[in-house]
Amino acid sequence: MEISKTYSPQDIEKKWYRYWEDAGYFAPKGEGKPFTILIPPPNVTGILHIGHVLNNTLQDVVVRYHRMKGEPTLWLPGVDHAGIATQNMVEKELAKEGTTRHEIGREELLERIWAWKNEKGNIIIDQLKLLGASCDWNRQRFTMDEMLSRAVKEVFVSLYEDGLIYKGKYIINWCPRCVTALANDEVEHADEEGKLWYIRYPYADKSDRYVVIATTRPETMLGDVAVAVNPHDSRYKELIGQELILPLTGRSIPVIADDYVDKDFGTGCVKVTPAHDPNDFEIGRRHDLPQLLVMDEYAIMNEEAGAEFAGLSRYQCREKVLELLQQQGLLEKIEKHEHAVGHCYRCTTSIEPYLSDQWFVKMQPLARRAIEVVENGKIRFQPARWTKVYMHWMNNIRDWCISRQIWWGHRIPAYYCENCGQMIVAKEAPERCDKCDSRRLRQDEDVLDTWFSSWLWPFSTMGWPDDTPDIKRFLPTQVLITAPEIIYLWVARMIMSTLHFKDVIPFDTVLLHGTVRDDLGRKMSKSLGNSPDPIDIIDRVGADALRFSMIFNTPKGADVIYSDAILETGRNFTNKIWNAYRFIMMNIEGIEGLPQREELELELADRWIYSRLAETTLEARNHYENLALNDATQAIFHFIWNDYCSWYIELAKDRLKEDAGSSSRLTAKYVLLDVMQASMRLLHPIMPHITEEIWQSIKELFPLPEEALIVAEFPEAKDADMQPAIRDEMALMQESISAIRNLRKQVNLPPATLVKIVAKTADDAQNALFEAYQGYFNRLARVETIESGKDVEKPKPAISAVVRNIELFLPLSGLLDIEQERERLQKQIDKLEKDLTGIKKKLDNQNFIQNAKPEVVAKERGKYSEVKTKLELIQEQLQDLA
RNA sequence: GGGCGUUUAGCUCAGUUGGGAGAGCGCUUGCCUUACAAGCAAGAUGUCGGGGGUUCAAGUCCCUCAACGCCCA
């Protein structure tokens with residue numbers, strides 16, 4: 001068989017993905033308690049970015065692990081219609097064609113978006129497949145599917161009937177470019193260098209007196225309905241109740257007192273503009289002030305602003321207002337002022353607080369149980385610190401503005417009678433007004449916030465409101481894996497909705513992972529242009545290498561610093577595995593008269609590698625269970641690379657050369673194959689493709705009961721395989737071999753030169769071990785003969801080393817640089833003496849002897865004699881040099 | 001303004017009940033040893049951010065200061 005020297009993942013990854021998908025392995029199989037993960041649905045507009053890679057790799061690893069444990073496993077996939085984002089995208093296309101959504105109208109825009117969705121909406125799904133994601137694609141959902149739309153309407157009507165949805169006037173965050181309301185969470189705040197203008201408002205009594213107010217937004221003064229001061233501000237006591245003249249408008253406005261006013265801000269006098277500032281809105285409510293709207297939805301000044309301002313943008317208006325105030329001598333001074341300004345999370349336009357009719361969900365009644373289930377541990381966050389973040393938000397929850405003034409989304413199921421104004425909320429469009437019987441009904445123009453469909457994800461995807469078999473079987477799900485940014489937007493709301501409508505928790509564990517950042521610590525984002533294209537990476541190194549590298553570098557919940565450099569670890573590892581496999585295939589055509597494992601004649605290396613395999617299996621299992629995926633990765637990586645490749649394979653080489661049919665040869669072949677196939681099981685969740693390829697190939701030589709690795713059993717560690725005594729014997733061999741290699745290096749012996757070694761051992765067991773496994777020294781340290789014994793004569797001249805209580809000598813026939821050797825030994829002596837002093841100090845301390853745990857004291861004593869022995873032996877060697 | 005997180009080898013980061021400082025990459029030296037140079041072998045490298053405290057014992061617990069980052073208002 002011809003196997004290439006370097007691993008090329010492209011064909012292999014595609015081949016096995018197709019195989020799994022065609023064979024239906026992604027669907028839940030079997031009986032028992034299922035394991036379910038809900039995908040955080042990516043935007044239908046999306047293309048895969050590095051953050052998706054992290055999120056979906058973590059999910060796939062967990063899903064594959066549980067599938068291998070034999071649980072009926074479901075990873076339920078889907079995409080989100082992403083209201084504003086998607087509409088924006090299509091609107092951009094319209095702009096290129098020189099038209100707008102208002103010109104083509106609602107119907108046509110929706111047709112365009114659906115066409116766009118059908119054409120490009122599956123891109124991200126296809127990309128997830130390239131990553132190896134083992135979702136059950138037959139269950140793929142879309143938030144605007146018939147099934148999910150039905151759930152949305154059902155929920156809206158139900159909440160409305162329960163009084164949990166209401167319509168109200170409210171000051172909301174408004175994006176004048178997207179022409180829509182934004183939820184608080186959709187507004188991004190950034191500190192900006194602005195100005196504070198001090199403006200004089202004259203008294204209405206025609207005296208020359210005036211008060212000075214400070215504002216960051218002079219254009220909104222046109223909507224002022226009052227000036228407010230703090231009631232405890234002694235400077236303005238007599239001002240309260242007075243009337244002022246609002247400059248540029250001539251309107252008369254009152255001075256009121258309100259605790260909200262900060263005495264130290266500006267002059268302590270503030271203008272009150274209820275229709276254009278959220279705090280002023282609250283003040284206005286408390287004082288029953290009118291709400292004077294002076295801008296339209298595009299942030300263009302309207303007639304109420306006055307004829308000379310109408311039609312100006314908010315920025316043009318500001319210029320004009322300032323200019324006129326200046327002319328009239330009413331602008332007292334200007335100061336620099338840094339303040340936070342809100343921006344639209346989509347288009348970064350400055351948001352405008354805006355008064356309008358909106359729909360709201362009352363959140364407090366829903367939050368109560370969602371708090372309980374986290375308090376009593378039914379739902380756990382990992383890492384646990386996110387619990388506090390969740391609780392803080394839930395305990396201060398505000399009503400949720402769910403209406404959006406766009407067209408793409410679930411339209412609000414509210415209808416208005418054109419005749420009598422009656423409002424009807426219903427799942428199906430009513431034919432007649434239930435009050436006046438008119439047929440002239442008009443549906444609410446607004447659509448629902450995108451999150452209003454995704455907060456129903458745990459049950460809407462399973463067919464709710466019908467009581468489907470899937471709901472019975474898979475709800476509640478187990479683990480939700482997502483980013484902490486959407487704890488409020490999504491996670492908390494799913495907990496509330498699922499408790500409210502299904503009376504169960506949606507999942508029991510929430511794993512929050514970090515953000516992917518670049519090497520400067522900046523979040524990877526399209527706008528910064530610092531995000532690599534994952535598909536390009538997959539083309540270069542393969543999905544397995546990418547997955548491995550991400551997880552290897554991602555401790556639970558921590559941010560990942562990504563740079564292309566981390567990919568090397570994964571790529572090199574795939575290549576390492578590939579070559580180990582290649583070596584096996586080059587040497588093993590098959591196993592003649594395949595023995596049972598019990599019949600094998602296992603030698604030290606065999607027993608040792610099985611023992612290490614068992615330890616690694618146990619570790620991997622624990623780490624997978626605890627979602628400590630990077631720990632699992634590290635353990636398996638270390639086992640395959642260091643234990644299996646560097647030691648076991650190297651030691652097996654000589655045995656493979658032995659006569660065909662010899663017991664040692666047969667055993668080595670068996671163990672090579674067996675440990676390899678078991679390693680592939682451990683690694684499969686992380687690197688699914690290469691492991692399947694190798695495992696399937698081994699299956700042709702070696703009996704394996706399952707038909708595919710993806711559904712093969714995840715190994716369990718057997719206690720009997722973990723043999724500390726064997727480990728210790730092998731460790732002594734390894735330490736000795738390394739010491740000899742080190743000696744060789746000291747005198748720069750070429751690799752081809754064979755050496756004779758003399759070992760002065762301390763007991764017979766050591767002699768027996770060295771005797772029995774001379775071959776190990778020969779293969780791994782190029783040792784021709786090793787003469788060992790308790791009373792061997794120390795050769796001279798020689799360089800030497802100490803392993804535990806054994807002295808190793810490499811005799812030198814030629815010249816020995818005595819000075820250099822003396823220096824080397826002295827360095828070791830210095831180090832050991834320092835160690836010994838430290839240990840002695842501890843043991844001489846009565847407090848330590850009395851207070852420390854007995855096993856710690858015993859350990860310290862053992863260490864003392866060990867170090868002391870070694871020290872004495874090296875000192876002896878130093879003397880012998882002279 | 002409030003909350004959270006981070007600070008360990010040149011870089012990116014592990015380090016779970018306090019008890020001999022680790023990985024990957026990088027670096028030095030020697031090797032094309034027929035599985036792998038994307039490799040092998042041998043090495044060097046840390047006042048565990050500063051200060052204080054608890055303890056026989058602190059990277060690990062407590063207090064404090066500093067720098068950086070994130071979230072919320």
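Under 3.5 Å, the side chain of A:E860 and the base of B:A57 form no donor-acceptor pair of N or O atoms.
Atom pair A:I690:CD1 and B:C36:C1' shows a separation of 12 Å (rounding to whole Å applied). In this structure, the CG atom of A:L629 is 16 Å from the C1' atom of B:U16, given to the nearest Å. Rounded to a whole Å, the CD atom of A:E650 is 10 Å from the C1' atom of B:C36. Between the C1' atom of B:C72 and the CG atom of A:L489 lies a distance of 13 Å, rounded to the nearest Å. As a whole-Å value, the separation of A:E855 CD from B:G18 P is 14 Å. As rounded to whole Å, 14 Å separates atom P of B:C4 from atom CD1 of A:I487. Residue A:I694 contributes atom CD1, which lies 15 Å from atom P of B:C36 at whole-angstrom precision. Distance CG (A:D631) to C1' (B:C13): 12 Å, rounded to an integer number of Å.
Remark: A:N742 is in phosphate contact with B:G43, judged by side-chain N or O atoms under 4.0 Å from OP1 or OP2. An OP1 or OP2 oxygen of B:A35 is reached within less than 4.0 angstrom by a side-chain nitrogen or oxygen of A:K653. The phosphate of B:A41 has OP1 or OP2 within less than 4.0 Å of a side-chain N or O from A:S646. A sub-4.0 Å separation between OP1 or OP2 of B:A42 and a side-chain N or O of A:S738 is present. Of the side-chain N and O atoms in A:N575, none sit less than 4.0 angstrom from OP1 or OP2 of B:A38.
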Practice task
Starting from the C-alpha separation in whole Å, work towards a yes-or-no answer on side-chain contact (heavy atoms from CB on, under 4.5 Å) for A:F777 and A:M733.
Solution key: CA-CA 8 Å; A:F777 289 106; A:M733 293 297 292; 3.5 Å; yes
Handout entry: Trace of the side chain to side chain donor-acceptor pair (under 3.5 Å) decision for A:N778 with A:Q774
Key = CA-CA 6 Å; A:N778 178 273; A:Q774 290 234 6; over 6 Å; no
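Judged as a side chain to side chain donor-acceptor pair (under 3.5 Å), and not counting sequence neighbours, A:T616 has no contacts.
Here the nucleotide nearest the side chain of A:R571, chosen from B:C36, B:A38, B:G20, is B:A38. Closest to the side chain of A:A580, from the set B:A35, B:G19, B:G20, is B:A35. You'll find that the side chain of A:R741 is closest to B:A41, out of B:C71, B:A41, B:C56. Proximity note for A:K388 (side chain, C-beta onward) versus B:G19, B:C4, B:G20: the nearest is B:C4.
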Check the interface with nucleotides 23-30 of chain B: list each N/O to N/O pair with the protein under 3.5 Å, or write none.
residue : atom : partner : partner atom : Å
B:G24   : O2'  : A:T569  : OG1          : 2.7
B:U29   : O2   : A:K745  : NZ           : 2.5
B:G30   : O4'  : A:K745  : NZ           : 3.2

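Comparing B:U8 with B:C13, their P atoms are spaced 9 Å from each other, to the whole Å. Nucleotides B:A35 and B:C27 have their P atoms positioned 27 Å apart, rounded to a whole Å. Remark: the separation of the C1' atoms in B:G49 and B:U7 is 6 Å, to the nearest Å. Taking atom C1' on both nucleotides, B:G52 is separated from B:U45 by 30 Å, rounded to a whole Å. Atom name C1', nucleotides B:A37 and B:G30: the rounded distance is 14 Å, in whole Å. B:G1 and B:U17 have their P atoms separated by 37 Å, given to the nearest Å. The separation of B:G53 from B:U12, taken at their C1' atoms, amounts to 33 Å, rounded to a whole angstrom. On the C1' atoms, B:U47 is 25 Å away from B:U28, given to the nearest whole Å.
Closest approach of A:L808 to A:A739, counting heavy atoms only: CD1-CB, 3.9 Å.
Ring geometry for A:W578 versus A:Y581: interplanar angle of 30 to 60°, hence tilted. Under the 30°/60° scheme for interplanar angles, the aromatic rings of A:Y648 and A:Y644 are found to lie parallel. The aromatic rings of A:F573 and A:W641 sit parallel, their planes meeting at an angle under 30°, below the 60° perpendicular limit.
Nucleic acid contact for A:T574: none, since no nucleic acid atom lies under 4.0 Å from a heavy atom of the residue. Here A:K576 lies in heavy-atom contact (under 4.0 Å) with a base. When heavy atoms are screened at a 4.0 angstrom cut-off, A:E485 is found touching no nucleic acid atom at all.
Among pairs with a residue in residues 633-652 of chain A, those fulfilling salt bridge (Lys or Arg N to Asp or Glu O under 4.0 Å) read A:R612-A:D643, A:E650-A:K653, at least two apart in sequence or across chains. Residue pairs meeting the salt bridge (Lys or Arg N to Asp or Glu O under 4.0 Å) criterion with at least one partner in residues 862-871 of chain A, sequence neighbours excluded, are A:E860-A:K863, A:K868-A:E872.
Salt bridge annotation for A:R804-A:D728: present, with a cationic side-chain nitrogen under 4.0 angstrom from a carboxylate oxygen.
Paired regions of RNA chain B, where each region holds three or more successive Watson-Crick or G-U pairs whose two hydrogen-bonding distances fall under 3.5 Å, are B:1-7 with B:66-72, B:10-13 with B:22-25, B:27-31 with B:39-43, B:49-53 with B:61-65.
In this structure, A:R741 forms a cation-pi arrangement with A:W647, its terminal cationic atom sitting closer than 6.0 Å to the ring centre and no more than 45° off the ring axis.
Remark on RNA chain B: of its neighbouring residues A:Y644 and A:Q746, the 5'-side contact belongs to A:Y644, judged by nearest-heavy-atom nucleotide. For A:A852 and A:I566, each mapped to the nucleotide of RNA chain B holding its nearest heavy atom, the one lying further toward the 5' end belongs to A:I566.
For A:Y170 and A:F281, the distance between ring centers is under 6.0 angstrom.
Residue A:E619 holds its CD atom at 10.5 Å from CG of A:L682, rounded to the nearest 0.5 Å.
Side-chain atoms of A:Q634 and A:N630 include no donor-acceptor pair closer than 3.5 Å.
Heavy-atom distances under 4.0 Å link RNA chain B to A:N845 of residues 828-846 of chain A, given in residue order.
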